[in-house]
There are 2 protein chains.
Amino acid sequence: MMTGFEPHDHVGCIADAMSAAEQRCASRSLRLTAVRRQVLEILLQEHVALGAYDILEHLRLAGFNSQPPVAYRALDFLVTNGFAHKVERLNAFIACSYPGETHSPAFMICRNCDVVAETRSTPVKGSLGAAARSVGFRIERTVVEAEGLCPLCQEEAI
Amino acid sequence: MMTGFEPHDHVGCIADAMSAAEQRCASRSLRLTAVRRQVLEILLQEHVALGAYDILEHLRLAGFNSQPPVAYRALDFLVTNGFAHKVERLNAFIACSYPGETHSPAFMICRNCDVVAETRSTPVKGSLGAAARSVGFRIERTVVEAEGLCPLCQEEAI
DNA sequence: AATGTTATGTAATAATGTATCAACAGGTAA
DNA sequence: TTACCTGTTGATACATTATTACATAACATT
């Protein structure tokens with residue numbers, strides 16, 4: 001199991017993330033309900049980008065007999081409150097690797113094995129930000145995603 | 001009618017783009033068939049991001065009785081050969097504003113009026129490129145999209 | 001308890017995207 | 001010319017992703 005392209009202590013990472021989420025919800029009086037908690041756990045468990053219907057399957061395995069809107073609403077809650085992101089390129093969702101820190105996420109997506117690694121980006125500082133300023137566009141949110149080959153798949157490709 | 005957020009000579013811009021496309025296809029022995037030409041014209045005409053099914057409607061108005069795969073194939077051809085881009089955030093397509101110049105496109109998307117402006121970006125030079133190098137990820141393609149308010153919609157919002 | 005607000009359950013359907021295969025047109029080589 | 005190869009199109013069906021609509025339930029405040 002990996003975060004990004006590096007192995008790590010996954011069980012601990014889930015536990016940490018869940019308790020951090022609980023605290024953050026408590027302090028902001030957000031309701032981390034059963035479905036939302038379960039979806040976040042699923043995302044943390046899998047640690048890859050999951051489609052809404054993947055989530056639904058996992059929810060059913062966990063005893064929830066849920067229809068599509070349930071997954072989309074839970075995902076919307078998690079995304080809105082910074083616990084997860086949507087990877088637009090994949091129409092899929094992934095747990096945030098930097099929860100609690102306000103940031104513009106950027107993703108590296110391996111086209112071969114579908115692993116997704118998150119990093120923080122500063123798109124407003126670069127050429128995009130300059131272009132936006134020059135035409136008077138006010139940036140509210142950015143999607144930055146790189147598609148390519150992860151280190152492991154580069155080796156295989158040789 | 002606008003390119004990006006600026007008004008311009010639209011009829012001339014379409015004519016130029018079409019003849020440029022014809023030349024480019026000829027010189028690379030790509031076949032700019034009837035459907036492909038029509039789709040490119042539609043994208044240039046509208047000059048906003050169009051979904052595949054919007055394209056299909058336009059195709060039908062133009063006398064093509066086309067099914068979804070026709071639109072997707074034509075769009076795929078145009079994207080692959082640099083005549084159009086996919087805007088991932090919108091699951092939609094737009095004519096390229098810099099055809100002929102190899103580039104990483106970036107888009108500014110107004111969340112109010114849906115206008116899309118293209119600019120060139122250099123994502124590999126910024127924080128994303130640095131992150132990729134540090135973990136050994138090989139970037140092949142980037143998606144850079146900013147969502148926000150265009151100049152006109154900012155005024156309206158006052 | 002009454003009320004307003006937020007969250008969930010459920011069915012149906014819309015919107016987006018693919019797989020498959022037969023038919024056809026254009027080149028190319030025997 | 002004929003035969004063949006390749007790429008493109010036409011058409012049907014299907015798969016995936018996302019939303020609408022409406023009813024119900026849970027929670028918070030008074």
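First the proteins, then the strands, lettered A, B, ... as listed; each starts at 1.
- From the 5' end on, the contacts that DNA chain C makes with chain B at under 4.0 Å to a non-hydrogen atom open and close at C:dT16 to C:dA19.
- Between A:Gln67 and A:Phe77, the residue anchored closer to the 5' end of DNA chain C is A:Phe77, taking for each the nucleotide with the nearest heavy atom.
- Across the protein-nucleic acid pair, B:Asp76 atom CG and D:dT8 atom C1' stand 13 Å apart, rounded to whole Å.
- Annotation: of the two residues near DNA chain D, A:Arg31 and B:Tyr53, the 5′-most nearest-nucleotide partner is B:Tyr53.
- Under 3.5 Å, the side chains of B:Glu41 and B:His58 contain no donor-acceptor pair of N or O atoms.
- Counting non-hydrogen atoms under 4.0 angstrom, A:Arg73 reaches a base of the nucleic acid.
- With D:dA18, D:dT9, D:dC27 as the candidates, the nucleotide lying closest to the side chain of B:Val35 is D:dT9.
- Contact annotation: A:Thr33 side-chain N/O to D:dA26 OP1/OP2 distance is not under 4.0 Å.
- Straight-line distance from the CG atom of A:Leu30 to the C1' atom of D:dA28: 15 Å, rounded to whole Å.
- Rounded to whole Å, atom C1' of D:dG10 lies 17 Å from atom OH of B:Tyr72.
- Taking atom CG of B:Asn81 as the reference point, atom C1' of D:dG7 lies 13 Å away to the nearest angstrom.
- Distance check, rounded to the nearest 0.5 Å: CD1 of A:Ile14 to CD1 of A:Ile42 gives 11.0 Å.
- The hydrophobic cluster containing B:Val115 also contains B:Met108, counting ILVMFWY residues as joined when their side-chain heavy atoms lie under 4.5 angstrom apart, directly or transitively.
- B:Val143 is not listed as a side-chain neighbour of A:Val144, based on a closest heavy-atom distance of 4.5 Å or more.
- Taking 4.0 angstrom as the limit, B:Asn91 places none of its side-chain polar atoms (N or O) nearer than this to OP1 or OP2 of D:dT17.
- Remark: P of D:dT8 and CG of B:Leu32 are 11 Å apart, rounded to the nearest angstrom.
- For residues 94-114 of chain B, the salt bridge (charged side-chain N to carboxylate O under 4.0 Å, His left out) pairs, not counting sequence neighbours, are A:Glu140-B:Arg111, B:Glu101-B:Arg120.
- You'll find the side chain of B:Pro105 stays beyond 4.5 Å of the side chain of B:Cys96, heavy atoms only.
- The pair B:Arg89-A:Glu88 counts as a salt bridge, with a side-chain nitrogen and a carboxylate oxygen less than 4.0 angstrom apart.
- A straight line from CG of B:Asn65 to C1' of D:dG10 spans 10 Å, rounded to a whole angstrom.
- The rotation axes computed at either terminus of the helix from C:dA1-D:dT30 to C:dA30-D:dT1 lie 20° apart, taking five pairs at each end and rounding to 10 degrees.
- The CD atom of A:Glu57 sits 14 Å away from the C1' atom of D:dA15 (whole-angstrom rounding).
- Relative ring orientation between A:His47 and A:His10 is described as tilted, the plane-to-plane angle lying within the 30° to 60° band.
- Side chains of A:Glu145 and A:Ile109 form a contact here, defined as non-hydrogen atoms less than 4.5 Å apart.
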